[in-house]
> 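So that we are looking at the same thing, I have put the structure below in structure tokens.
Source: prediction; values computed, not measured. Reminder, nothing fancy here: chain letters follow the sequence lines and each chain counts from 1.
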Amino acid sequence: MPELPEVEVVRRGLQAWVAGRTILGAEVLHRRAVRRQADDLHASVSGRTVACASRRGKYLWLPLSDGTQPAAQALVAHLGMSGQLLIQPVGAADEPHLRVRFTLADARPESADHGDTDASSAGELRFVDQRTFGGLMTAPLVDDGRGGRIPEVIAHIAPDPMDPSLDLDAVIARFRARRTEIKRALLDQSLLSGIGNIYADEALWRARLHGSRLASALRPAVLRGLLGHVREVMEQALEQGGTSFDALYVNVNGQSGYFDRSLRAYGQEGRPCQRCGTPIRRERFMNRSSFSCGRCQRPPSRSTSATAGPPAEGRVTPHRSSGGTR
DNA sequence: CATAGATCCTGTATGC
DNA sequence: TGCATACAGGATCTAT
């Protein structure tokens, strides 16, 4: 499941293989894969040159230059659960779940040493997605408020742990203002982006925190430590090429990462905790699985759990704007 | 406004 | 063997 490290691996591949190349055309094979203007995709991208490959959290985008001005538009991509962006030679067999095909001009259109075009370097950028939770769209680029540019459709996505402009103190303050479980807050992309179920569980394991702890009940130093673990585990995963459980996550050349060998909590149900030997347990949380150590990661007491029942009688209850219909 | 839950999607694994 | 069900889960939409 692509989270920040996996998406960053893909971004680097796009930077190496697609940046500087001109898009000749787009063919949409599955409409759901293009979120807004499926009919306009070809017209929106053809003839434009990919300036670079950018990322925030789990979103990727390719600023598209028309050659005369800084890019005003970008091709935005989210891999969802099973999306892949692959570089393929022209003529390669279509993948079973090929959704969008972009044809790319020669990587070196200006190298006229011999005057002939090098057909072997022409190629395709393909969006392949089995479960169609991912998608592409084009969007105008707007100022991000920090001197950078971002597609306006993802302006609500918070900076991620790898962003050098991240204001850690501000993030900690926002976490502390949340009256919800810490894992739920970690997964909220408007607070801090790039974290999914895998790295949330890994960071919580490293911090020895149970995901049901109330975010607002954690001291700033504890949150600082947790966010440090988030960043550290993501950096380590990136060094391993990301986490792959199967062929659903691969880089632009179809290769898998190896961080699954280093997972300590996610998917480790029944295996001994690497710290204390207690079997890793699995719990349902937010309609998905959560993995944690029953000894190192103590669940909160009822009084500090966000999943605890309603306040006892006599407690002050939040006011309602209108009378309840109950 | 803040928070919680439903929903989309399909290949693979599991159970009876 | 075959069919039904569970599961993976990020972002968006809806409800409270």
> Ignoring the backbone of A:R179, work out which of C:dA8, B:dT3, C:dG10 is nearest its side chain.
B:dT3

> Just compare B:dT3, C:dT12, C:dG10 and give me whichever is closest to any side-chain atom of A:H156.
C:dT12

> Across the strands shown, which category fits A:S82 at heavy-atom distances under 4.0 angstrom: base, sugar-phosphate, nothing?
nothing

> Tell me: CZ of A:R32 to P of C:dT12, nearest whole Å?
12 Å

> When the distance from CD1 of A:I195 to C1' of C:dA11 is rounded to whole Å, what number comes out?
15 Å

> Let me spell it out: for each of A:H97 and A:R288, pick the nucleotide of DNA chain B with the closest heavy atom. Which residue's pick is nearer the 5' end?
A:R288

> Measure the distance from CD on A:E181 to C1' on B:dG5 and round it to the nearest whole Å.
13 Å

> Please step through side chain to side chain donor-acceptor pair (under 3.5 Å) for the pair A:E95 and A:Q88, ending with a clear verdict.
CA-CA 10 Å; A:E95 292 77 5; A:Q88 294 281 40; 2.7 Å; yes

> I need the CD-C1' distance between A:Q130 and B:dA13, as an integer number of Å.
13 Å

> Set out, in order, the CA-CA distance, both residues' side-chain angles and the distance that settles salt bridge (charged side-chain N to carboxylate O under 4.0 Å, His left out) for A:R178 and A:D188, then state yes or no.
CA-CA 11 Å; A:R178 279 303 184 103; A:D188 186 338; 3.0 Å; yes

> Could you tell me the separation between the NZ atom of A:K183 and the P atom of B:dA4, rounded to a whole number of Å?
15 Å

> If the threshold is 4.0 Å, N to carboxylate O, is there a salt bridge linking A:E181 and A:K183?
no

> According to a strict under-4.0 Å criterion, is A:R284 in side-chain N/O contact with OP1 or OP2 of B:dG5?
no

> Flag the pair A:E202 and A:R206 as a salt bridge only when some basic side-chain nitrogen lies within less than 4.0 angstrom of an acidic carboxylate oxygen.
no

> Below 4.0 angstrom, N of the basic side chain to O of the carboxylate: do A:R149 and A:D143 qualify?
yes

> Taking the minimum atom-to-atom distance to the side chain of A:Y266, which one of C:dA8, B:dT3, B:dT7 wins?
C:dA8

> OP1 or OP2 of C:dA11 sitting under 4.0 Å from any side-chain N/O of A:Q189?
yes

> Under 5.5 Å between ring centres and under 30° between planes: true for A:F133 and the base of C:dG10?
yes

> To the nearest Å, how far apart are A:D188 CG and B:dA2 C1'?
11 Å

> Take A:Y59 and A:N197, find for each the nucleotide of DNA chain C with the closest heavy atom, and name the residue whose nucleotide sits nearer the 5' end.
A:N197

> For A:M137 and for A:M81, locate the closest nucleotide of DNA chain C by heavy-atom distance; then report the residue assigned to the nucleotide nearer the 5' terminus.
A:M81

> Under a 3.5 Å cut-off for both contacts, is B:dC1 paired Watson-Crick or G-U wobble with anything, and if yes, with which nucleotide?
none

> Give A:Y249 one of three labels, base, sugar-phosphate or nothing, depending on what nucleic acid heavy atoms sit under 4.0 Å from its own.
nothing

> Round to the nearest Å and state the distance from A:L4 atom CG to C:dA11 atom C1'.
16 Å

> Report the nucleotide, chosen from C:dG9, B:dC8, B:dT3, that has the shortest atom-to-atom distance to any side-chain atom of A:T180.
B:dT3

> For A:H30, report the nucleic acid contact type (base, sugar-phosphate, nothing); a contact means any heavy atom under 4.0 Å.
nothing

> C:dG9 C1' sits how many Å from A:I198 CD1, rounded?
10 Å

> Donor-acceptor pair, distance only, cut-off 3.5 Å: does the side chain of A:Q189 make one with the backbone of A:G194?
yes

> Under 4.0 Å: is that the gap between some side-chain N or O of A:R131 and OP1 or OP2 of B:dG11?
no

> Judged by each residue's nearest nucleotide on DNA chain B, which is more toward the 5′ side, A:R99 or A:R184?
A:R184

